[in-house]
Chemist: 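Just passing along the structure, written as structure tokens.
Each chain gets a letter, A, B and so on, in the order the sequences are listed, and its residues count up from 1.
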There are 2 protein chains.
Amino acid sequence: MVKRKENSTSSLNENYWKENCGITRTLCLIGGHWKINILAFLLKEKILRYHELRKRLHGISERMLIAKLKELENDGLVTRTVYQQVPPKVEYSLSELGSSLESIIQLMDHWGETH
Amino acid sequence: MVKRKENSTSSLNENYWKENCGITRTLCLIGGHWKINILAFLLKEKILRYHELRKRLHGISERMLIAKLKELENDGLVTRTVYQQVPPKVEYSLSELGSSLESIIQLMDHWGETH
DNA sequence: TAGGATACTGACAAAAAAGTAAGTATGGTG
DNA sequence: CACCATACTTACTTTTTTGTCAGTATCCTA
């Protein structure tokens, strides 16, 4: 995890837009690389284990998958359930908030397929 | 303009997803920083000159604005009209393809405002 | 003839995102 | 006791994106 500089022009500017623009807020949550793909798989398959996601997200590295899952979890879009057993078992699914993105995700998918 | 490496893992991977996933294709066109904000202003105000866009996009640099407008134009989302006069006058507006993103943009805006 | 207005362009540097590869933990199995 | 499976973690490097800032072109006006 690399922390961002807090006083870079980019950071300050991003904060301004997050405070003043709904689109920017939405994009911050789902816009990064992989995030919306993760959400889309969870939307389709409801519950997926870590390595099941990994298999579906062709080309993702473990580092990225973990990082993006953590962001999605911190933002409240994804729920992480840990089963106390060995070997470990962790399941991911959409939270209620995550599910509320369904129509956006479907529209984007449909638009991409038809244009 | 800095050109990307064509054989980096990221590039190859991006190509794979563009070919196989509608969401990724959509996100490539509207997902980058500023792009959807530009589209949103054009959606609202129909036609804007270069420096009018610049005033609205708080904090954007000229370099970024030009770069993003060029990407949007190359992707066929935005139409650029040059008037041969001095000082120069250039107008930007949504193409038909760009306008077809309206519902996605509105949904994202609405979602960001309510969540 | 020196600005002014508008829409850019280019070189260089900083910041952010992503890739690579090796390591951690733990109980069960051979 | 070595090894397996699963879900991560960490340090380091490369790639990509963005910021900064000075410069270009052209006709008009003072």
Chemist: More than 12 heavy atoms of other residues, nucleotides or ligands under 6.0 Å from CD of E96(A): is that the case?
Modeler: no
Chemist: For the pair E113(A) (side chain) and G22(B) (backbone), establish whether a donor and an acceptor sit closer than 3.5 Å, ignoring hydrogens and angles.
Modeler: yes
Chemist: Heavy atoms under 4.0 Å, any strand shown: does R54(B) hit a base, just sugar-phosphate, or nothing?
Modeler: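 The residue R54(B) makes no contact with any strand.
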Chemist: Using only atom types and a distance under 3.5 Å, with no angle test, would you say the side chain of R80(B) pairs donor to acceptor with the backbone of V90(B)?
Modeler: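 Judged by distance alone, no pair lies under 3.5 Å.
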Chemist: I need the NZ-P distance between K5(B) and dA18(C), as an integer number of Å.
Modeler: 17 Å
Chemist: Could you check whether any side-chain N or O of K35(A) sits under 3.5 Å from a backbone N or O of K68(A), counting only pairs where one atom can act as donor and the other as acceptor?
Modeler: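 Looks like no, no N/O pair under 3.5 Å.
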Chemist: Just the rounded figure in Å: distance from P of dC8(C) to OH of Y83(B).
Modeler: 13 Å
Chemist: Which nucleotide wins on minimum distance to the side chain of K68(B), given the candidates dT18(D), dT9(D), dA7(D)?
Modeler: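 Taking heavy atoms from C-beta onward, the closest nucleotide is dT18(D).
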Chemist: Is there a donor-acceptor pair closer than 3.5 Å between any side-chain N or O of S95(B) and the backbone N or O of T79(B)?
Modeler: no
Chemist: Show the nearest heavy-atom pair for residues L107(B) and S103(A), with the distance to one decimal.
Modeler: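 In terms of heavy atoms, the two residues are closest at CD1-OG, 3.9 Å.
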Chemist: Quickly work out the Q84(B) CD to dC27(D) C1' distance and round it to whole Å.
Modeler: 12 Å
Chemist: Got a sec? Which of residues 9-45 of chain B come in under 4.0 Å of DNA chain D, heavy atoms?
Modeler: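 Going residue by residue through residues 9-45 of chain B, the ones with a heavy atom under 4.0 Å of DNA chain D turn out to be S11(B), H33(B).
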Chemist: Can you tell me how far P of dA17(C) sits from CG of L65(A), to the nearest Å?
Modeler: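 Going from CG in L65(A) over to P in dA17(C) covers 17 Å.
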Chemist: Could you label the plane-to-plane angle of the H58(B) and Y16(A) rings as parallel, tilted or perpendicular, counting under 30° as parallel and over 60° as perpendicular?
Modeler: parallel
Chemist: With the sugar-phosphate defined as primed atoms, P, OP1 and OP2, and the base as all remaining atoms, what B/S/- string results for nucleotides 21-29 of chain C, 5' to 3', for protein heavy atoms under 4.0 Å?
Modeler: -----BB--
Chemist: Would you please confirm or rule out a distance under 4.0 Å between OP1 or OP2 of dA5(D) and any side-chain N or O of K89(A)?
Modeler: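 Result: no.
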Chemist: Which part of the nucleic acid does Y92(B) contact within heavy-atom distance under 4.0 Å: base, sugar-phosphate only, or nothing?
Modeler: sugar-phosphate
Chemist: Using a cut-off of strictly less than 4.0 Å, decide whether R80(A) has a side-chain nitrogen or oxygen near OP1 or OP2 of dC8(D).
Modeler: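 Indeed, a polar side-chain atom of R80(A) lies that close.
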Chemist: For S8(A) and dA16(C), is the shortest distance between a side-chain N/O and OP1 or OP2 below 4.0 Å?
Modeler: yes
Chemist: Does a side-chain N or O from H51(B) land closer than 4.0 Å to OP1 or OP2 of dA7(C), or not?
Modeler: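 Yes.
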Chemist: Side chain of M64(B) only, heavy atoms from C-beta on: which candidate in dT18(D), dT20(C), dT9(D) is closest?
Modeler: dT18(D)
Chemist: Please report the distance, rounded to the nearest Å, between CD in Q85(B) and C1' in dT6(C).
Modeler: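 Nearest whole value for this atom pair: 10 Å.
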Chemist: Which of the following nucleotides, dA7(D), dT9(D), dA7(C), is nearest to the side chain of I66(A)?
Modeler: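 Side chain of I66(A) sits closest to dT9(D).
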Chemist: Would you tell me if any nitrogen or oxygen in the side chain of R4(A) comes within less than 4.0 Å of OP1 or OP2 on dT18(D)?
Modeler: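 Looking at the OP1 and OP2 atoms of dT18(D), neither is under 4.0 Å from any side-chain N or O of R4(A).
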Chemist: On DNA chain C, check which nucleotide each of E6(A) and L69(B) is closest to and give me the residue with the more 5' one.
Modeler: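 So the residue in question is L69(B).
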